[in-house]
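Single-structure report; data block below.
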Number of protein chains: 4
Amino acid sequence: MAVPAPSPRRLGRPRSAEADHAILDATRGALVELGWSKLTMGHVATRAGVAKTTLYRRWAHKSELVVDAVAVLFDELELPDRGSLRADIEGVVLSFAALLERPETKTSLMAVVAESTYDTALRARIGEAIVERQKRLVLEGRERAQARGELPPDSGNGEETARVVDLIFDVIAGAVVHRSLVSGEAVDEVWARSFTTLLLDGLAATSRP
Amino acid sequence: MAVPAPSPRRLGRPRSAEADHAILDATRGALVELGWSKLTMGHVATRAGVAKTTLYRRWAHKSELVVDAVAVLFDELELPDRGSLRADIEGVVLSFAALLERPETKTSLMAVVAESTYDTALRARIGEAIVERQKRLVLEGRERAQARGELPPDSGNGEETARVVDLIFDVIAGAVVHRSLVSGEAVDEVWARSFTTLLLDGLAATSRP
Amino acid sequence: MAVPAPSPRRLGRPRSAEADHAILDATRGALVELGWSKLTMGHVATRAGVAKTTLYRRWAHKSELVVDAVAVLFDELELPDRGSLRADIEGVVLSFAALLERPETKTSLMAVVAESTYDTALRARIGEAIVERQKRLVLEGRERAQARGELPPDSGNGEETARVVDLIFDVIAGAVVHRSLVSGEAVDEVWARSFTTLLLDGLAATSRP
Amino acid sequence: MAVPAPSPRRLGRPRSAEADHAILDATRGALVELGWSKLTMGHVATRAGVAKTTLYRRWAHKSELVVDAVAVLFDELELPDRGSLRADIEGVVLSFAALLERPETKTSLMAVVAESTYDTALRARIGEAIVERQKRLVLEGRERAQARGELPPDSGNGEETARVVDLIFDVIAGAVVHRSLVSGEAVDEVWARSFTTLLLDGLAATSRP
DNA sequence: GATTAAACGAGACGGTACGTCCTGTCTTAAT
DNA sequence: ATTAAGACAGGACGTACCGTCTCGTTTAATC
């Protein structure tokens with residue numbers, strides 16, 4: 001996954017899996033205590049009880065290391081069936097907001113996105129490790145709503161469907177991230193309800209012929 | 001504004017307004033050529049033909065400098081009357097996206113937002129210099145739509161109005177930023193139309209009693 | 001003297017004599033507290049309650065300022081008649097050593113001499129303000145010894161006399177300075193007696209035909 | 001010696017001996033071209049093709065670096081047997097003066113001595129690396145003169161001997177340094193002869209019972 | 001069990017930028 | 001014209017990190 005096996009050869013001493021964990025743990029810990037900009041490779045290495053070479057053998061840049069360290073937190077997001085599309089959306093908005101409130105993610109997400117604007121490899125890694133994996137939540141919620149009859153079934157046009165999913169994803173994730181990190185205001189139940197109402201109405205109308 | 005007068009006293013040589021401009025110009029130029037992460041205070045100073053001390057006397061951190069240098073670009077955003085609420089929204093979405101495509105803003109915005117998560121003074125500066133000032137676009141578009149009869153008049157509840165404006169702002173800005181910088185896909189006319197449809201329908205429904 | 005009148009004209013506000021004293025006092029004080037290398041023009045100005053311009057108008061360089069500040073201390077050296085040439089020499093050795101033990105002079109003398117090796121103007125200033133004025137002690141002691149009959153009278157050859165005086169001056173001052181500042185050992189009565197014995201015997205023999 | 005092994009451990013990459021030489025060579029070169037006061041750590045590092053950190057890892061201060069760089073020049077001083085005590089003294093006086101005329105030593109010696117007045121570690125380093133090692137010349141010349149019968153043999157009292165050696169050392173070195181650097185006049189054959197006469201007579205008398 | 005080759009810790013390395021300090025000059029208004 | 005105040009260009013400081021390197025030392029899989 002994030003730390004690809006260097007080659008199928010198996011000569012010499014194998015890499016330490018312990019070191020991998022220690023480094024990622026140390027990275028998350030350092031993010032909490034220092035934030036993105038004061039986190040250094042040397043500090044992470046020391047904190048993980050590992051030599052700098054061991055760290056650089058696995059991750060060439062701080063941004064890649066942080067993406068991998070933080071990605072796992074995004075995987076914790078889930079979409080339990082709350083019984084209605086409205087409840088599901090409000091739920092995911094609130095749990096996404098809660099995730100963004102954690103110091104590890106708060107300080108990292110924007111930073112790696114910023115870094116990625118000039119680094120296509122990093123952009124790909126972010127897309128793969130974080131962004132794409134969150135779209136599953138939209139897909140899942142959508143299918144469930146279709147099963148409930150809250151949304152019309154797929155048009156059969158896969159491209160069209162992908163476009164809609166992307167749009168909804170950008171609207172939900174974008175609004176939450178912007179409110180939380182840019183506007184710097186709390187994403188609470190009140191806001192989640194207003195936002196969900198707006199989105200539901202938009203979706204309902206869009207779904208009409 | 002950005003560089004507040006240090007005090008009403010008038011002792012000693014006054015600060016050079018030329019230097020202010022040269023520094024902000026140099027900052028924008030360096031952002032274009034080097035991007036956020038390779039921009040250094042020393043480089044900006046050299047480029048501005050100014051000593052580093054002169055720079056640090058005004059801006060203690062690179063992030064504050066960049067906020068001030070970039071804020072003016074956001075002020076260039078305008079909302080010409082395109083005849084309908086739909087046209088106005090599509091217009092602002094596209095011109096905001098165009099702004100985010102400029103190299104000066106592309107990396108900077110996310111980077112300073114990232115920095116602001118651990119620096120409340122910076123967060124305030126961003127809010128004041130960038131975020132709050134862009135809400136005027138939402139207000140303006142809304143009033144115009146109300147005048148056209150496309151949206152119902154204000155409820156008279158100022159707090160309620162502010163909440164709605166904030167929501168719309170976060171949804172529009174958030175969706176555009178997310179699509180453009182996080183998802184890394186183009187904000188083109190097609191997307192703008194889909195997004196606007198979604199938003200308009202949401203607004204229309206929300207406005208119904 | 002050390003601070004030459006800028007010109008015989010007397011237009012505009014006259015220079016403050018208070019400032020002169022304050023600056024020289026502050027310089028000596030700073031030398032005591034900080035030593036030569038940590039003394040700065042800005043610090044002296046602040047300590048003297050004077051603007052930097054006021055300081056630079058009088059002394060262009062730190063070394064010149066220090067020479068003037070310290071020269072006055074060397075003028076305090078005196079040669080009271082102790083009754084014999086031996087006693088006079090031992091006296092001047094000990095009082096010169098005592099002067100070199102003061103922190104103002106200890107830290108300054110070698111420093112300005114070092115500086116003067118690449119700065120002929122400074123060398124001249126040191127020669128004039130410090131070195132030449134101390135030769136009076138040698139001259140005085142010599143004349144007194146001649147009056148006592150301890151040394152033969154002048155040969156009448158002025159050049160010859162000057163050469164001898166210079167030699168004795170360099171030997172006495174050099175030995176004391178070297179012992180005190182380079183070797184870093186105390187110039188006490190025991191050493192002064194040994195040194196004086198050596199010098200007297202040398203002089204006596206030299207004076208014989 | 002000058003750069004003590006940091007510890008007997010042998011962990012990590014060992015320090016580069018090449019770097020040591022390059023730095024000391026660069027220091028001497030910079031002293032020749034720039035003199036003490038314009039020599040900077042950064043310049044030396046660049047000239048040596050070495051990072052500043054590499055330099056600071058070995059020498060914390062410019063003065064210590066210069067002491068080590070210059071000490072080796074003092075070791076070049078030698079005392080070839082010139083056949084008589086008089087010739088030996090005249091020889092060492094002239095060659096010491098020639099050494100002090102070299103641009104590397106000219107400013108450096110006084111400067112580091114000045115610095116050492118407020119820095120006991122530096123004083124110790126100077127004592128060890130320069131001062132103590134030059135006393136060998138006095139010892140050597142003295143033994144040779146005793147072998148020739150020009151001076152009486154040692155009294156057997158080691159402390160007494162050390163005191164005499166120190167005295168002679170301070171008188172010779174002090175007089176030459178003072179004439180050359182403080183009085184700023186040439187140490188030529190004429191002066192050397194006068195000084196040697198004075199010293200020999202003093203020694204002769206001192207040696208008499 | 002010995003060999004082999006990569007991974008490991010430690011830390012030195014060349015290099016870049018940092019943010020501060022000092023220098024000596026200049027620009028204000030006040031005296 | 002001099003003063004206090006303080007901004008200015010410039011340059012060096014000593015430190016912190018970067019990413020690479022060079023050591024001597026494990027640690028498995030292979031021979």
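Below, read A as the first sequence line, B as the second, and so on, with proteins coming before strands; counting in each chain starts at 1.
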Checklist line | Asp119(A) backbone acceptor or donor facing Ser116(A) side chain under 3.5 Å | finding: no
Next item on the list: Taking Thr27(C) for its side chain and Ile23(C) for its backbone only, find out whether a donor-acceptor pair lies under 3.5 Å.
Entry: yes
Item checked: Rounded distance (Å) that lies between atom C1' of dA7(F) and atom CG of Asp20(B) -> 12 Å
Next item on the list: State plainly whether the residues Glu128(C) and Arg123(C) are in salt-bridge range, i.e. N to O under 4.0 Å.
Entry: no
Next item on the list: Could you check how far CH2 of Trp59(A) sits from C1' of dG19(F), rounded to whole Å?
Entry: 17 Å
Item checked: Thr40(B) side chain vs His43(B) backbone, donor-acceptor pair below 3.5 Å -> yes
Next item on the list: Take atom CD of Glu18(D) and atom P of dT22(F), then tell me their distance rounded to the nearest Å.
Entry: 12 Å
Notebook entry, point to check: Given dG6(F), is OP1 or OP2 found less than 4.0 Å from the side-chain N or O atoms of Arg15(B)?
Noted result: no
Check: Considering all heavy atoms of both residues, which atom of Met41(B) and which atom of His61(B) are nearest to each other, and what is their separation?
Finding: CE-C, 4.0 Å
Check: At under 4.0 Å, does any side-chain N or O of Thr40(B) touch on OP1 or OP2 of dT16(E)?
Finding: no
Notebook entry, point to check: Counting N and O atoms only, with roles assigned by atom type, does the side chain of Lys106(C) sit under 3.5 Å from a partner on the main chain of Tyr118(D), one being a donor and the other an acceptor?
Noted result: no
Margin query: Under 4.0 Å, counting only non-hydrogen atoms across every strand here, what does His61(B) touch: a base, just sugar-phosphate, or nothing?
Written below: nothing
Check: Tell me: NZ of Lys38(B) to P of dC17(F), nearest whole Å?
Finding: 21 Å
Next item on the list: May I ask you to list the residues of residues 106-123 of chain B, by number, that have any heavy atom positioned under 4.0 Å from an atom of DNA chain F?
Entry: none
Check: Do NZ/NE/NH1/NH2 and the carboxylate oxygens of Asp20(B) and Arg15(B) come within less than 4.0 Å?
Finding: no
Checklist line | DNA chain E: 5'-proximal contact among Ala17(D) and Leu39(C) (nearest heavy atom) | finding: Ala17(D)
Item checked: Under 3.5 Å: donor-acceptor pair, side chain of Arg28(B), backbone of Ala69(B) -> yes
Margin query: Which residues in residues 41-50 of chain A have a heavy atom closer than 4.0 Å to any atom of DNA chain F?
Written below: Met41(A), Gly42(A)
Margin query: Can you measure Arg57(B) atom CZ to dG19(E) atom P for me and round it to whole angstrom units?
Written below: 16 Å
Notebook entry, point to check: Are the side chains of Thr107(B) and Leu31(B) in touch, meaning some heavy atoms are under 4.5 Å apart?
Noted result: no
Next item on the list: Give the B/S/- string for nucleotides 25-31 of chain E, one per nucleotide from 5' to 3', where a protein heavy atom under 4.0 Å of the base yields B, of only the sugar-phosphate yields S, and otherwise -.
Entry: BBBB--B
Check: Between Glu33(A) and Arg47(A), is the closest basic N to carboxylate O distance under 4.0 Å?
Finding: yes
Item checked: For atom CG of Leu55(A) and atom P of dC8(E), their distance in whole Å -> 10 Å
Note to self: Between Asp68(D) and Arg125(D), does the salt bridge (charged side-chain N to carboxylate O under 4.0 Å, His left out) criterion hold? Intermediate values first, please.
What the structure shows: CA-CA 9 Å; Asp68(D) 287 356; Arg125(D) 197 176 198 121; 2.8 Å; yes
Check: Would you say a side-chain N or O of Arg58(A) is under 4.0 Å from OP1 or OP2 of dC8(E)?
Finding: yes
Notebook entry, point to check: With respect to Trp59(B), which candidate in Val66(B), Val44(B), Val67(B), Leu24(B) satisfies the side-chain contact (heavy atoms from CB on, under 4.5 Å) definition?
Noted result: Leu24(B)
Item checked: DNA chain F: 5'-proximal contact among Lys62(D) and Ala19(B) (nearest heavy atom) -> Ala19(B)
